[in-house]
Amino acid sequence: MNHVVKTSGLTKQVKGKNLVTDINLHIRKGEIYGFLGQNGAGKTTIMKMLTGITKPTSGEIELFGQMLSERSKSVLKRVGSIIEYPILFEHLTALENLKLHCEYLGYYDEKGMKHALDMVHLRGIEDKKVKEFSLGMKQRLGLARAIVVKPELIILDEPTNGLDPIGIKDIRDLIFMLNKEYGITFLLSSHILGEIEQVANRIGVIKNGRLLNEVALEEIRKQHTDYIELLTTNAEKTVYLLEKELHISNMKIIQGNRIRIYDLSHTQNDISKLLIQNDIGLEEIQKHSSSLEDYFYKQINGGGMND
Amino acid sequence: MTKLIQMEWKKLNQKTVWMELLIYMLILIFFPAFFIKVAMPAFGQSYAAAIELNGFIQMGYVLFGGSLINHVFIEEYKNKTISLSFGYPISRQKLFTAKVLFIALFVFFATIITFILSGLTTYLLDQFFPIINGKPTTSDMLEFFSSMMIGSVLITLISFIPLFYFGIWKRAVVPAIICSIFIMQLPNFSLFFNVKPDVVVIILSILGAISIFLSIKTAESVGEI
């Protein structure tokens, strides 16, 4: 497997307290990997270690097959990031911030910098000082800085923080575009599960500093079947009609007159019509889609480790 | 390394630093003549005495060094911009060495320039409003230049005393500045302790060098965010 990020036994301890413990993370080339975890679960700490900002107490980090250590940080040239919030030099302009970043990485391409500002819709204000920027603009500039040197891995901690709905969509589209067109691998975290669900291919669930599970979203969707739930006045007759008329067999009566249908070959409308035609009272009908949210809560509330 | 030192300068709020430097220069350039005229006319008995006085007055740059420690180290920790630097493919020891060299060069050259300007200003003022007895001799001139070179090196070293403990370990602005003020004044009070001022200056320089050594040596542990 071609892993861009691989950690083994990654642990960070501060003042005798473990912030993260024994993290074995695997991020494959070209994927968008989402970190899920409650506040304080350890997502940011892991990201800080992956970007060299803070050192692990124990364990190893491999980026692009190379060990990351204080003496061997050259691999960080291939990584762009925003951790916690975009940290910028407030007294410098947007362009000066980008130039400084590029100089540290030994990269100088003014066209590339302007292109990065274009991508995040910040063109025309490159000479404005960052202290005059709104939080959303700072977030965009942080993103421009993360992508300006064309990294192969981008690590974004809460990238949509402070953005309005249009900004959030822009960032999502930008992530998709960079992933598809340039093959950039992403590691994202967000406290909005729906955000991760829309973007990520694979997720890692973190609880109390431990990585509980790594799973592909496709896998979650397969494992967790969607269903239609209905409450009728006569459950037995409803089941009989559904089997006879609509040939639905994958269903069960879960409680009283409440039925769950797992065969989704017919729409809610078909079912409603059938029951009305046969004088069966329909008190409730609803389609349930099991989401990442369900999966996440299951994991957090007692999901097993996947070691 | 030169590039890293240049980048330290680019990261700074240059206007603030220039303004601070201008204020230090203006005070330290005119202070020797003012001091001889108003406070201690005894230093005006000869050019040799005035040169000795000038050497002590330039200790003011110890405080400027403290201010630079604040801008280059403490503010970077407080604003979290240091985490940006740690995310670059450069070792922390190298980053800290660049920061130390930047402060050292800035303090050293600022001290040299102010030494020259204060010497010239005091001499010119003496021509119009006599405050120093006699005229500067060749040996006075040699003494001035050697005091300038040695003094600038020692002042640069001394200015680093607050770096390790207050700058990197505690990351505390006010204690760092108070420490600089105390150190700057210490040679003036040396006679109270029956110690020659020069001995105090040498001890302080050694402490400054130790502070630099510890700062770079422990960059990965004490310097951790």
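Chain identifiers are assigned alphabetically (A, B, ...) following the order of the sequence lines, protein sequences preceding nucleic acid strands; residue numbering begins at 1 within each chain.
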Enclosure of [X] [atom1] (heavy-atom neighbours >12, cutoff 6.0 Å):
X	atom1	value
A:Met177	CE	yes
B:Tyr123	OH	no
A:Lys128	NZ	yes
B:Tyr77	OH	yes
B:His71	NE2	yes
A:Phe176	CZ	yes
B:Phe34	CZ	no
B:Trp9	CH2	yes

Distance-only, no hydrogens or angles: does the A:Lys55 side chain make a donor-acceptor pair with backbone N or O of B:Glu220 under 3.5 Å?
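Judged by distance alone, yes, a pair lies under 3.5 Å.
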Counting distance only, does the side-chain N/O of A:Lys73 pair as donor-acceptor with the main-chain N or O of B:Phe86 below 3.5 Å?
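Between the backbone of B:Phe86 and the side chain of A:Lys73 there is a qualifying donor-acceptor contact (under 3.5 Å).
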Hey, does [Y] have a side-chain heavy atom less than 4.5 Å from the side chain of [X]?
X	Y	answer
B:Ser83	A:Ile83	no
A:Tyr104	B:Lys3	no
B:Lys10	A:Glu103	yes

Chain B heavy atoms under 4.5 Å from [X]: which part of the residue, side chain, backbone, both or neither?
X	answer
A:Glu90	neither
A:Leu88	backbone
A:Thr51	backbone

Which atoms form the tightest heavy-atom contact between [X] and [Y], and what is the distance?
X	Y	value
B:Lys11	A:His91	O-NE2, 2.8 Å
A:Leu100	B:Met7	CD1-CG, 3.7 Å
A:Ser74	B:Pro89	CA-CB, 3.7 Å

Can you say whether [X] sits under 4.5 Å from chain A via the side chain, the backbone, both, or neither, judging by heavy atoms?
X	answer
B:Leu12	backbone
B:Lys15	neither
B:Asn13	both
B:Leu84	side chain
B:Glu75	neither

A:Leu105 vs B:Tyr88, test: side-chain contact (heavy atoms from CB on, under 4.5 Å). Steps then yes/no.
CA-CA 7 Å; A:Leu105 294 170; B:Tyr88 293 128; 3.8 Å; yes
Top contributor to chain B contacts, counting heavy-atom pairs under 4.5 Å, from A:Val14, A:Leu92, A:Thr54:
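Of the candidates given, the most pairs with chain B belong to A:Thr54.
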